[in-house]
Each structure stands twice: as C-alpha cells, then as structure tokens.
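All values reported here derive from a predicted model rather than from experimental measurement.
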Amino acid sequence: MNSGRQYCSEVSSAVGENLLGTAPQVDFWLLIEYRQQWSRDAVKENELPERVQSWLQKLVQTLEEEGRFPRIQFIRQSRGTDDELQLFVCQMGELHSHTFTSYEELPTLDLEADLGSALKSNYYFVCTHGTRDLCCSRFGLTTWRELQLISNGRTWQSSHLGGHRYAPNVLVLPHGRLYGRVHKEDVGKFFKTVESGDIAVKHLRGRSEFSKDAQACECLVDGKVGSVVDYGSDSVTFDTESGPIQVQVPSRGEEIEVLESCKDEELTLVKPFSDI
C-alpha cells in the first residue's frame, strides 16, 4: 500500500472485502459521449444546453415513476472533435446506439419508439472519473487503455459508476454486469472470459438490473440465468435454461473497516456478503 496516501481501493482489497452484491441497481442505462472535462458530479454539473438537461431530468423522472432504475453516464474515447458523437441505450439485455452531431438533437429522440441501432457485441465502460475519486483515474486509466487495445474500439471511459473502493470498475453491456478490481494484469483473462459468454466471477460485483441479494446469488446458479422470478424472505428464484431455480441468499460476514472514498479521513464499518 502506498505509504504516503491510503487509496480506498487498496484498503478494500487489503481487508478482503467481498465484491458480490455491490453494484448499483440499474435497469436502464443511458450513456452519452461528453468530451469536455468532467466535474465531480458530471451529470449534474456540465455545459449541456439547458433544454438537454431538462430532457434528461424528465426522462429519469418518468422512468422512476414507472418503478424503473435509470442511470445516466458520461463517456468518452480518444476521438477527434470532427467525429460524430455517440449515445448508448441499454435495457432488458439489449444494447442500442445513436450517433448525433449536436446535443440539441437529444431532446428530439423518442427512446421508447426508437432505441437506435442494435449492437450484438459486448461493450466495455471503465470508470476513469478522477475528479470524483482518485482511485478511478489512478487505476481505471491503465485498465481502459489495455481493454481498448484488445477490444477493437469497444471500450469507453465512463463517469462515476459507483463504488470507488472497488476500482478499477468495468461495466459490460448489454448484459449489465458490473465488475471490480479489474487491474491491467487481469484484463487479458477478464476479456477472454466475458467474450466467451461466461461470467468473470473473480471480479463480479453484480448484474445491475438485480437487487443486491440477487446479485450475490446469480453466480450460485449452474447454467445461464434469465430474470428474477420471485424474491423470498431469504431466497431468490431465477428463471434459467433448466426452469425456475431457488437460491438461498448468502449470509453477511463480520463487519470490516474500509475507506468508502479516497477523500475520507475516517474508516467506515461495512458488512459484506460472506465469501461464496
């Protein structure tokens, strides 16, 4: 560990904090290319036209009123200013994209009627949001560069994904799983595993559309998991290729001390799921 500074991700790793069940619950991802510098709260503090900001706020509000869990991310790549801008929409395991030339075009999009061009390949979004937390740039940038080299342009930098202390964090769409501690030396094996259709269990934080209990249970199911059929008091039932399968929610382990963020000066007690 760096003797001059405690990085929250190094503290979390050193105390053996389990990653499972730590992904934010999201069932609607909207990722917008934004090339200007990201502020600490990039999605709320930016230079987008007021009309565009109002459109984003209304979209989120409408989805939340429907009982959905939307999340907006800013993304970027090493691209020229003459290149068209990119937008991704992901829900229900399907990823679509739009290209646009001006942010003023965004409020004209009807994302219910036209989600955009369907994408079949995996796309990778690495949190590199250093103005939010130092770990995200310190560790995320090297992971992004390595993934970008081997993914043929399918890797983007992303704003805050949640959980600085699990950096480097990588969101993989369209299946919506969030992974943590994907360091540069892990990228080759991680990429090969995900591209083969398997789950990189060592790095898994959770499938974002699921609750935290279901996130912790998914890797206990043999075979491919579809949706959640039912939540019991201490179990989750999944729809699988073999029919419904009920899984007991793993217990929480002992409390451990972590730094929730690099800016924190005091440790916080958390109670992660037991190792599975």
Side-chain angles (χ1 to χ4, degrees), residues 23-92 94-119 123-137 140-141 144 154-164 167 169-174 176 178 208-209 260-263:
Q25 188 168 8
V26 181
D27 62 8
F28 183 94
W29 292 94
L30 180 64
L31 306 101
I32 303 169
E33 184 173 359
Y34 186 79
R35 296 171 184 161
Q36 289 91 327
Q37 184 174 350
W38 296 342
S39 65
R40 186 179 185 279
D41 194 347
V43 175
K44 291 184 178 179
E45 301 169 1
N46 54 64
E47 297 181 12
L48 289 176
E50 185 174 339
R51 179 168 172 253
V52 177
Q53 295 184 27
S54 296
W55 174 74
L56 290 173
Q57 293 170 6
K58 184 176 180 180
L59 175 64
V60 169
Q61 181 181 353
T62 299
L63 289 168
E64 288 179 341
E65 289 173 351
E66 294 173 358
R68 304 285 300 279
F69 300 93
R71 189 177 178 109
I72 298 170
Q73 301 290 139
F74 280 176
I75 57 173
R76 62 189 174 202
Q77 276 189 345
S78 300
R79 286 152 50 95
T81 55
D82 292 335
D83 293 329
E84 288 187 307
L85 293 157
Q86 191 88 23
L87 175 147
F88 295 94
V89 182
C90 188
Q91 63 176 339
M92 300 176 67
E94 295 184 358
L95 179 63
H96 296 79
S97 72
H98 287 271
T99 56
F100 59 99
T101 57
S102 168
Y103 293 111
E104 294 286 0
E105 298 174 37
L106 295 182
T108 68
L109 297 177
D110 184 349
L111 297 182
E112 292 186 7
D114 179 17
L115 291 173
S117 303
L119 301 173
Y123 279 72
Y124 299 80
F125 302 89
V126 184
C127 182
T128 60
H129 197 163
T131 53
R132 185 64 178 255
D133 191 271
L134 291 174
C135 280
C136 299
S137 56
L141 281 170
W144 170 72
R154 288 182 282 126
T155 303
W156 292 72
Q157 296 184 50
S158 172
S159 61
H160 175 59
L161 283 168
H164 327 293
N169 288 297
V170 183
L171 170 68
V172 185
L173 300 177
L178 185 60
S208 59
E209 67 184 89
E260 289 193 316
S261 175
C262 286
K263 66 178 177 59

Taking all non-hydrogen atoms of both residues into account, name the closest pair between [X] and [Y] and its distance.
{"X": "Asn169", "Y": "Gly163", "value": "ND2-O, 2.9 Å"}
{"X": "Pro24", "Y": "Leu178", "value": "CD-CD2, 3.7 Å"}
{"X": "Ile72", "Y": "Val43", "value": "O-CG2, 3.6 Å"}
{"X": "Tyr34", "Y": "Tyr103", "value": "CA-OH, 3.3 Å"}
{"X": "Cys135", "Y": "Asp133", "value": "N-OD1, 3.0 Å"}
{"X": "Asp83", "Y": "Arg35", "value": "O-NH2, 3.0 Å"}

Would you give the length of the straight line joining atom [atom1] of [X] to atom [atom2] of [Y], rounded to the nearest 0.5 angstrom?
{"X": "Cys127", "Y": "Trp156", "atom1": "SG", "atom2": "CH2", "value": "16.0 Å"}
{"X": "Thr99", "Y": "Leu85", "atom1": "OG1", "atom2": "CG", "value": "9.0 Å"}
{"X": "Asp27", "Y": "Gln91", "atom1": "CG", "atom2": "CD", "value": "7.5 Å"}
{"X": "Asp41", "Y": "Arg132", "atom1": "CG", "atom2": "CZ", "value": "5.5 Å"}
{"X": "Gln36", "Y": "Arg76", "atom1": "CD", "atom2": "CZ", "value": "10.0 Å"}
{"X": "Gln86", "Y": "Ser97", "atom1": "CD", "atom2": "OG", "value": "5.0 Å"}

Donor-acceptor contact below 3.5 Å, side chain [X] vs main chain [Y]:
{"X": "Gln53", "Y": "Lys44", "result": "no"}
{"X": "Tyr124", "Y": "Trp144", "result": "no"}
{"X": "Gln157", "Y": "Val126", "result": "no"}
{"X": "Ser159", "Y": "His129", "result": "no"}
{"X": "Thr128", "Y": "Leu141", "result": "no"}

**Prompt:** Are the ring centres of Trp29 and Phe125 closer than 6.0 Å?
**Reply:** no

Can you find a heavy atom in the side chain of [X] that is under 4.5 Å from one in the side chain of [Y]?
{"X": "Leu48", "Y": "Leu106", "result": "no"}
{"X": "Leu173", "Y": "Phe88", "result": "no"}
{"X": "Pro107", "Y": "Val52", "result": "yes"}
{"X": "Ile32", "Y": "Phe100", "result": "yes"}
{"X": "Arg40", "Y": "Lys263", "result": "yes"}

**Request:** Decide side-chain hydrogen bond (donor to acceptor under 3.5 Å, both in side chains) for Glu84 and Thr101; before the verdict, give the C-alpha distance in whole Å, the side-chain angles of both, and the deciding distance to 0.1 Å.
**Result:** CA-CA 5 Å; Glu84 288 187 307; Thr101 57; 6.0 Å; no

**Asked** Charged N to carboxylate O below 4.0 Å: is that the case for Arg51 and Glu104?
**Response** yes

**Message:** Checking His96 against Leu111 for the side-chain contact (heavy atoms from CB on, under 4.5 Å) test, could you report, in this order, the C-alpha distance in whole Å, the side-chain angles of both residues, the deciding distance, and whether it holds?
**Reply:** CA-CA 10 Å; His96 296 79; Leu111 297 182; over 6 Å; no

**Asked** Between the side chains of Glu65 and Gln61, does any donor sit under 3.5 Å from an acceptor?
**Response** yes

**Message:** Would you say CD of Glu66 has more than 12 non-hydrogen atoms from neighbouring residues, nucleotides or ligands within 6.0 angstrom?
**Reply:** yes

